[in-house]
Amino acid sequence: MAKFDTIKNKYLALGVTEDNIDFAIGAVKDGSKREHIIEMLTADYRGMTEARSTAILEELFEANGGEFKKENSGGYLYGVLFLLLGIASTVVLVMQLQEAYLQVKLLFLSIAGVLFGFIMGASYIIKAIRGKFRDEHERRLTE
């Protein structure tokens with residue numbers, strides 16, 4: 001909270017109510033979208049202007065580490081899970097190849113798991129690193 005204190009004091013001196021500032025700080029910490037926060041701050045019962053809302057949000061996002069800080073976390077999570085699937089399938093494939101009696105269905109399933117896991121895992125992680133991964137519900141909101 002210390003990183004937000006100077007911003008809070010600045011906007012309190014400019015006449016913004018403490019309730020509005022606390023709401024904006026909480027929304028930024030939760031990773032809410034800028035449009036949703038501005039919509040709530042400019043609502044009739046809050047009484048802030050769009051220019052003032054944008055200014056306070058710019059400073060709050062900068063203090064919090066960026067607007068899209070939490071956006072790519074799903075990409076990393078799914079990427080790691082797919083890579084774990086690929087690793088587990090690799091273990092099963094190696095165990096199958098070491099046995100004298102091969103089970104064809106399990107062999108094909110493990111090969112498919114290796115390919116699917118490593119390809120999907122790598123693509124999700126690369127998308128997340130580039131900042132291109134968005135969760136499905138976020139994609140629908142922006143289209």
Open item on the list: Tell me whether Leu85 shares a hydrophobic cluster with Phe108, the cluster being built from Ile, Leu, Val, Met, Phe, Trp, Tyr side chains joined at under 4.5 Å.
Closed with: no

Open item on the list: Taking the side chain as everything from C-beta on, heavy atoms only, tell me whether Ile87 gets closer than 4.5 Å to Phe118.
Closed with: yes

TODO: Working to the nearest 0.5 Å, report the span between CD of Glu99 and CG of Leu107.
DONE: 10.5 Å

TODO: Check Ala24 against Leu57 and note the closest heavy-atom contact, atom names and distance.
DONE: CB-CD2, 4.5 Å

Open item on the list: When you group the ILVMFWY residues by side-chain heavy-atom contacts below 4.5 Å and let the links chain together, are Val92 and Ile111 in the same group?
Closed with: no

Open item on the list: Check the orientation of Phe82 and Tyr124. Use parallel for under 30°, tilted for 30 to 60°, and perpendicular for over 60°.
Closed with: tilted

Task: Euclidean distance, Glu18 CD relative to Asn9 CG, rounded to 0.5 Å - done: 9.0 Å

- [ ] Name all residues meeting the side chain to side chain donor-acceptor pair (under 3.5 Å) criterion together with Glu39; count only those two or more places apart in sequence or in a different chain, and write none if there are none.
- [x] none

Task: Atom pair CG/OG of Leu97 and Ser110 - distance to nearest 0.5 Å - done: 7.5 Å

TODO: Kindly give the heavy-atom pair with the smallest separation between Leu83 and Ala122, and that separation in Å.
DONE: CD2-N, 4.1 Å

Open item on the list: Within the structure provided, determine whether Val94 and Gln98 are in side-chain contact (heavy-atom separation under 4.5 Å).
Closed with: yes

Task: Closest contact, heavy atoms only, Val80 versus Ile125 - done: N-CD1, 4.1 Å

Open item on the list: Please check: side-chain N/O of Gln96 versus main-chain N/O of Leu106, any donor-acceptor pairing under 3.5 Å?
Closed with: no

- [ ] Tell me whether Leu93 is reachable from Leu109 by hopping between hydrophobic residues (I, L, V, M, F, W, Y) whose side-chain heavy atoms are closer than 4.5 Å.
- [x] no

Open item on the list: Just so I know, are the side chains of Lys10 and Thr6 near enough to count as touching, which here means a heavy-atom distance under 4.5 Å?
Closed with: no

Open item on the list: Using 0.5 Å steps for rounding, measure from the CD1 atom of Ile37 to the OG1 atom of Thr54.
Closed with: 10.5 Å

